[in-house]
Amino acid sequence: MSQVIAERVFTAEDQARFAALSGDFNPMHVDAVAARRTGAGAAVVHGVHNLLWCLDAVAKAAGDVARVASLKVNFDTFVTVGEPVEAMLVAHDAGQLRAEVRVRGVTALTAVMAFGNSEAAVAPKPDQRIEPIGPIDLVDAMLTDLAGTVGFATPPQAAAALFPHAARLLGARRVAALGAFTRVVGMICPGLNSIFNRIALDSGADDAADDIGFRVTSVRLEHRRVVMAVWGGGWSGSLTTMMRPRPTVQPPMRDIAEYVDEGEFAGGVALVVGGSRGLGEAAAKIIAAGGGRPIVTYATGEADARRVSGEIRDWGGACEIMQLSIGSPIRPQLEAMAHTPNQLLYFATPMIGGRRTGLFDAERLELFLRFYVSGFYDCCRGLLDRSKLPLSALYPSSVFVEERPAGVTEYAMAKAAGEQLCHDMNVAFRGFHAVSARLPRLPTDQNPGLASDARHPAVTALLPFIRQLTWDPEG
Amino acid sequence: MTEPDVYSALSEIFSEVFMRSDIAMRPELNADDVEGWDSYKQIEIIMAVEERFHIKLRTKEIDGLANVGDLAKVILQKAA
C-alpha cells in the first residue's frame, strides 16, 4: 500500500523554529558553517523534526486510529536542509502502522507504531535538573551513569500547534516529549558531537509534568555508542545514539615548524584555495612556517579562515584571508587581491562522501569536475593573466586514481581529469608549472576519525610536494 | 547450539535492527544486499548478537566479517 502522503523541503527557517520548540540548538542543525565540518557536510534536519512531520502527515491521512501503544523509529540517514523529502505510509492495519521518510530514493527514517493499550509505569525522575544553555561537549568518562531531568523547552500546546494531527494521535505532551528527547541527545548526552540513531518507546502513563528523565544505560566507546533509558511525558523507553567524531584539528604552527626548514618558502606569495581547514590549512601553515606568505581563501567558513590566519600571525608568520567561491566566476574574485601570488595550492572541494544510489551518478561527476577541473583551470588562468609572472601550482590528486576502492568512481574520474589538465597546461603554458600530488587518505573533516601511524600525516604527505613548487621565481 | 538456531536468532535480530521482517537469512547475505546496512547498523547487529548469545566480539573479529555466514561461524565458535 506504499503511498506518498506528504512532500516538503525543510528550510533554515523551519530548522530555527523547531530548534526553538524542542530546545535542540545543536549547530549541526542550525549553523550551516559549523555543520559543513560534520559527516553530513551541511546543516541536517533534526531527526525528530522529520519524525513529527511524518507522524503529523500519517495521522492526517490515517484518520481515527486506535491508541498508540509503542513507537519505534530508526533514523537511517541524514536529511540536509534544502533536500526534498517524501513521507510514505507503507503499511497500516488494526495492529500497527509503518511509515517512512525517503530522501532521493533512500530511506531516511522508519517509524513503526503499534496500537493497543500500554501504560508503562513511570519511575521518579532524577533530582539533577539539566537546563542546557548551549550544546555540551562531554568528555567520554562523564557519560557513564549520567542521569538528569530535562524540561520541555516550550509547553505542549506549542508542539501541538506545530504538529496538530500528531498531537491528536499521540497527545500533545507525548509530541512535546519527543522534542525533549532530541534536546537531551543534541544538547546534553552525547551533546555537541552526537548522532541520534534510534527511538524505542512504550506509551506510558501521562505524569502531567513538562519534563522527562534520562539515564545512560550503556556506553561502548570502541563503537562510539551510547544508549539511554528515558521516561516521562507519557513515554518510557530508550534512545540509541552515537558520538560523532569531532571535527579534525590540524597541527599547531609550532609542531609544523619542526618539519619545515627556516626560510625555505621565503619570498613566496601562495594562494591557498580552501585553506580555512583540512589539508589547505595544513598547507598554509607549512608555507608560513617556511617564511612564505599564504593567502587563505574560504567559501563560507570565514571564522575558520580567521582562526588559521590568527594562529599563523600569533606564531610570527604572515597570512591574509579572502573569500573565493568556486561556484561564482573566478576571475573577478582574483582581481580584488592586493598581492600577486606566484604559487597556487588548490584544495577547494565539495563533500566527497555522501548519498549515492548507483555505481555512477552524472550529477556527482559534474560537481567534482566543477571543483577539481574547471575551478582549478580558472584559478590558474586568472592568476597567469593577472600578473604575467611565473606560477607554480599544487594540484592535490588522489591515490584513488589508481587504487579505486568502491564508491569513488566519479571522484577518481574527476581527479584523473585534473591530472591530465595539469600535464597539458605544463606543455602549453609558458611560465607555468603544475605538480600533481597523488595524496593518500588523510585525516580531515572528509575522513573523520581516520587513524594514522604518523604523528602529523597531513604535514608529512604534503611537504614533499609543496617543496616541488618554485619558491624562487628569479632562480 | 546448532547452525539453524543461530540463523533463526539472526533473523530476529535483523528484523529488529532494520525494522523489517522480509530479510531472508542466508550465508552470502552482506551489506550490499540490504538497504541501510551501514556501519551504524553493523554495530547494532553486533550489539544485539553479543546480548543474545552472551558473547563479546573483538574489533578484529568484527572487521573480518564479510557476510552473515562469517558472523554465524564466529557465533558458533564463541557460544560453543
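Proteins come first, then strands; the chains are lettered A, B, ... in the order of their sequence lines, and each starts at number 1.
B/Met19 approaches A/Thr110 most closely through the heavy-atom pair CE-O, 3.5 Å. Counting all heavy atoms, side chain and backbone alike, B/Ile62 lies closest to A/His223 at CD1-CE1, 3.7 Å.
In this structure, A/Arg67 places its CZ atom where more than 12 heavy-atom neighbours from other residues, nucleotides or ligands lie under 6.0 Å away. Within a 6.0 Å radius of CG in A/Asp145, other residues, nucleotides and ligands contribute 12 heavy atoms or fewer. Counting non-hydrogen atoms of neighbouring residues, nucleotides and ligands closer than 6.0 angstrom, the NZ atom of B/Lys41 exceeds 12 such neighbours.
Between B/Glu44 and A/Arg198 there is no salt bridge, since none of the side-chain N atoms of the basic residue sits less than 4.0 Å from a carboxylate O of the acidic one.
Contact of A/Ala111 with chain B is made through the backbone alone, with heavy-atom distances under 4.5 Å. The contact between A/Thr240 and chain B is made entirely by side chain atoms (from C-beta outward), counting heavy-atom distances below 4.5 Å. Only the side chain of B/Glu50 comes within contact range of chain A, judged by heavy atoms closer than 4.5 Å.
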Begin from the C-alpha positions of A/Arg220 and B/Glu51 and carry the test salt bridge (Lys or Arg N to Asp or Glu O under 4.0 Å) through to its verdict. CA-CA 13 Å; A/Arg220 290 289 293 267; B/Glu51 196 174 314; over 6 Å; no
Check: Yes or no on side chain to side chain contact (heavy atoms under 4.5 Å, CB included) for A/Arg224 and B/Tyr40, after CA distance, side-chain angles and deciding distance?
Finding: CA-CA 10 Å; A/Arg224 316 187 63 84; B/Tyr40 156 70; over 6 Å; no
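Contact count versus chain B (heavy atoms, under 4.5 Å) is highest, among A/Asn74, A/Asp76, A/Ile195, for A/Asn74. Ranked by non-hydrogen atom pairs under 4.5 Å with chain B, the options A/Arg98, A/Glu222, A/Met242 are led by A/Arg98.
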